[in-house]
Amino acid sequence: MFANTASRLLAHYRENARSLPWRASPGAARTDPYRVWLSEVMLQQTTVATVIPRFQRFLDRWPTIEALAAAEDAEVLREWAGLGYYARARNLIACARAVAQRGGFPETEAELRGLPGLGDYTAAAIAAIAFGRRAVVIDTNVARVVARLHAIEQPLAETRRQIRALMDALTPDEDVGDFAQAIMDLGATVCRPRAPRCEACPLQSECAAFASGEPESFPPRALRRERPHRFGAAWWIERNDALWLVRRPARGLLGGMPALPGSEWSDVPPAEPVLATVAHGFTHFTLDLAVVARSEPLGDGWWHPMDQIAEAGLPTLYARAVSAVLDARSERRAA
DNA sequence: AAGGCGTGGTG
DNA sequence: TCACCAAGCCT
């Protein structure tokens, strides 16, 4: 049964594989490890549609891992701006330099797992897709597909070992890169979290969740905690058509990224008059950021020309804050 | 080991 | 509209 399951997945993949800039055509035993690694890191918790153009820009700018390893930190962070989870960019730099130093990527899952930013999933994916090494590749798509195939009643967080054993049994000894991509594609496009398209699924006849009549109810959703709401102020310091920017501390929220200087987050809104306010959602809290005018530069920073603000590499929170102020200003001018 | 860590798309 | 979710990793 398991061998047939993998065969059906592979056959479905060969018919339906999406053409993606980092993906070799089905049947390729190996794929350029630099492309696989770069795309896999970008795809950590980030959608394919978002990654495609960003991957292309990175590859155009730094065609090899040696080129990326030689880049300035600030330039890599600038190119990453807007992608989120900025620790990935910091790890990307460290990983590129470690790999360039040792003369290329290691080919085993265990060695890959030791590189910065490569966890269980990414190390397994690179071993399988780039090097054709058998590895048990489990991302959230795979976990969901397997949980539905077996109608597992517990939340995923409680069944990691069971899912892993089932996926190990499902994983073939050959075509391992295609197989990993096949089952992830199935999860992304057919066995979706909501509104699964069971009518298009090659595994329908062997799926316990489908047989139950309520495939969407597997796996059960874990209860989520409420996101707190916070407030903050950012200082708008403008002089000679330039804006005063600072770099945030290397660790923590938006770590290492350029930003408007500002207050710590607070539980109450600022009392001062504001130029504009933006509401922004983070993973674990929502933020109302009020932009407040100041006259004197604060902290270590630099003057950034206003007409080049789009190239400053601001993370989305601050890019939106800048846009909000400029929009308010042009509306006032029009009035 | 449970929580910190971004952002955009969607059903 | 808005809650949910994404090719997770790190501490």
Side-chain angles (χ1 to χ4, degrees), chain A residues 17-18 20-23 31 35-55 77 80-92 94-95 112-130 135-145 155-158 160 167 177 179-189 191-197 216 219 221-228 230 248-257 259 265 278-287 289 314-320:
Chain A
R18 295 175 286 177
L20 301 173
W22 50 85
R23 175 176 280 180
T31 307
R35 291 173 149 255
V36 175
W37 163 73
L38 181 58
S39 62
E40 288 296 345
V41 173
M42 285 186 170
L43 287 163
Q44 290 167 1
Q45 296 286 281
T46 305
T47 57
V48 166
T50 299
V51 166
I52 288 174
R54 309 302 297 264
F55 173 82
L77 293 177
W80 196 275
L83 266 179
Y85 286 143
Y86 297 97
R88 293 185 295 169
R90 290 177 256 133
N91 286 329
L92 192 81
C95 186
L112 288 161
R113 182 65 177 78
L115 291 168
L118 304 196
D120 290 341
Y121 162 73
T122 307
I126 296 173
I129 297 169
V136 182
V137 181
I138 303 172
D139 72 334
T140 179
N141 288 305
V142 173
R144 182 176 59 257
V145 170
L156 290 180
E158 300 170 21
R160 295 183 51 122
M167 182 59 181
F179 174 74
Q181 295 176 88
I183 191 167
M184 288 191 286
D185 263 25
L186 189 81
T189 63
C191 195
R192 304 180 295 190
R194 291 176 287 179
R197 301 170 52 221
E216 189 173 339
R221 297 211 322 272
L223 36 76
R224 54 180 181 76
R225 296 193 330 170
E226 199 161 323
R227 283 195 302 180
R230 295 187 177 143
R248 291 178 59 85
R251 296 172 171 276
L253 189 76
L254 310 177
M257 299 302 289
W265 312 143
V278 293
H280 194 75
F282 290 106
T283 304
H284 52 299
F285 67 98
T286 57
L287 177 71
L289 185 69
L314 292 170
T316 299
L317 168 67
Y318 293 107
R320 291 184 58 207

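Here is how names work: the chains are called A, B, and so on, in the same order as the sequence lines, proteins then strands, and each is numbered from 1.
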side-chain hydrogen bond (donor to acceptor under 3.5 Å, both in side chains) with Thr122(A): which of Arg113(A), Glu40(A), Gln44(A)?
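Among Arg113(A), Glu40(A), Gln44(A), the one that satisfies the side-chain hydrogen bond (donor to acceptor under 3.5 Å, both in side chains) with Thr122(A) is Gln44(A).
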
Which nucleotide wins on minimum distance to the side chain of [X], given the candidates [options]?
X: Trp22(A); options: dG6(B), dT7(B), dA7(C); result: dA7(C)
X: Asn91(A); options: dG8(C), dC10(C), dA7(C); result: dC10(C)
X: Tyr86(A); options: dG6(B), dA7(C), dG8(B); result: dG6(B)
X: Arg113(A); options: dA7(C), dC10(C), dG11(B); result: dC10(C)
X: Arg194(A); options: dA6(C), dC10(C), dT10(B); result: dT10(B)
X: Arg192(A); options: dA6(C), dG3(B), dG11(B); result: dG11(B)
X: Leu317(A); options: dT11(C), dT7(B), dA7(C); result: dT7(B)
X: Thr50(A); options: dT11(C), dC5(B), dG8(B); result: dG8(B)
X: Leu254(A); options: dA7(C), dG8(C), dT7(B); result: dT7(B)
X: Thr47(A); options: dA6(C), dA7(C), dG11(B); result: dA6(C)

Could you label the plane-to-plane angle of the Phe55(A) and Trp22(A) rings as parallel, tilted or perpendicular, counting under 30° as parallel and over 60° as perpendicular?
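Perpendicular.
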
Distance check needed: [N] [atom2] versus [X] [atom1], whole Å only.
X: Arg54(A); N: dG6(B); atom1: CZ; atom2: C1'; result: 12 Å
X: Tyr318(A); N: dT7(B); atom1: OH; atom2: P; result: 10 Å
X: Arg320(A); N: dG8(B); atom1: CZ; atom2: P; result: 8 Å
X: Asp139(A); N: dA6(C); atom1: CG; atom2: C1'; result: 9 Å
X: Leu83(A); N: dG8(B); atom1: CG; atom2: P; result: 9 Å
X: Leu156(A); N: dA2(B); atom1: CG; atom2: P; result: 15 Å
X: Tyr121(A); N: dC10(C); atom1: OH; atom2: P; result: 14 Å
X: Tyr85(A); N: dC5(B); atom1: OH; atom2: P; result: 10 Å

Heavy-atom contacts under 4.0 Å between residues 37-44 of chain A and DNA chain C, which residues?
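Under 4.0 Å from DNA chain C: Glu40(A), Leu43(A), Gln44(A).
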
Any donor-acceptor pair under 3.5 Å joining the side chain of Thr283(A) to the base of dG6(B)?
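Check passes, donor-acceptor contact within cut-off.
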
Is there a donor on the side chain of Thr140(A) or the base of dG8(C) sitting less than 3.5 Å from an acceptor on the other?
no

With Met42(A), which of Val51(A), Ile52(A), Thr50(A) fulfils side-chain contact (heavy atoms from CB on, under 4.5 Å)?
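The residue from Val51(A), Ile52(A), Thr50(A) that satisfies side-chain contact (heavy atoms from CB on, under 4.5 Å) with Met42(A) turns out to be Val51(A).
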
Nearest heavy atom decides the nucleotide; on that basis, is Pro116(A) or Pro193(A) closer to the 5' end of DNA chain C?
Pro193(A)

When the C1' atoms of dA1(B) and dT11(C) are considered, how many whole Å apart are they?
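Taking atom C1' in both dA1(B) and dT11(C), they lie 10 Å apart.
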
P spacing across the pair dA7(C) / dG3(B), given as an integer number of angstrom:
24 Å

NA contact type, [X], heavy-atom cut-off 4.0 Å: base, sugar-phosphate, or nothing?
X: Leu287(A); result: nothing
X: Gly255(A); result: nothing
X: Asp185(A); result: base
X: Thr46(A); result: base

Please determine whether a side-chain nitrogen or oxygen atom of [X] lies at a distance below 4.0 Å from atom OP1 or OP2 of [N].
X: Arg225(A); N: dG4(B); value: yes
X: His284(A); N: dG4(B); value: no
X: Thr122(A); N: dA7(C); value: no
X: Arg144(A); N: dA6(C); value: yes
X: His280(A); N: dT7(B); value: yes
X: Arg221(A); N: dC5(C); value: yes

Output every pair passing salt bridge (Lys or Arg N to Asp or Glu O under 4.0 Å) with a member in residues 42-54 of chain A, not counting sequence neighbours, ordered by first then second residue.
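Every candidate salt bridge (Lys or Arg N to Asp or Glu O under 4.0 Å) pair involving residues 42-54 of chain A fails, so no pair, neighbours aside, qualifies.
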
Assert yes or no for the condition that the ring centre distance of Phe282(A) to His280(A) is strictly below 6.0 Å.
yes

What I want to check is whether the side chains of Tyr121(A) and Thr140(A) have a donor and an acceptor closer together than 3.5 Å.
no

Is it the case that Arg248(A) and Tyr318(A) place a side-chain donor and acceptor less than 3.5 Å from each other?
yes

Do any N or O atoms from the side chain of Arg225(A) and from the backbone of His284(A) form a donor-acceptor pair under 3.5 angstrom?
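Flag not set: sc Arg225(A) to bb His284(A) has no pair under 3.5 Å.
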
Does any N or O in the side chain of Thr46(A) come within less than 3.5 Å of the main-chain N or O of Leu43(A), such that one atom is a donor and the other an acceptor?
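Side chain of Thr46(A) to backbone of Leu43(A), a donor-acceptor pair under 3.5 Å: no, none is there.
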
Please name the pair of heavy atoms, one in Leu92(A) and one in Trp80(A), separated by the smallest distance, quoted to 0.1 Å.
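In this case the closest contact between Leu92(A) and Trp80(A) is CD2-CZ3, 3.9 Å.
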
Using heavy-atom distances to pick each residue's nearest nucleotide on DNA chain B, tell me which of Ala49(A) and Ala87(A) is more 5'.
Ala87(A)

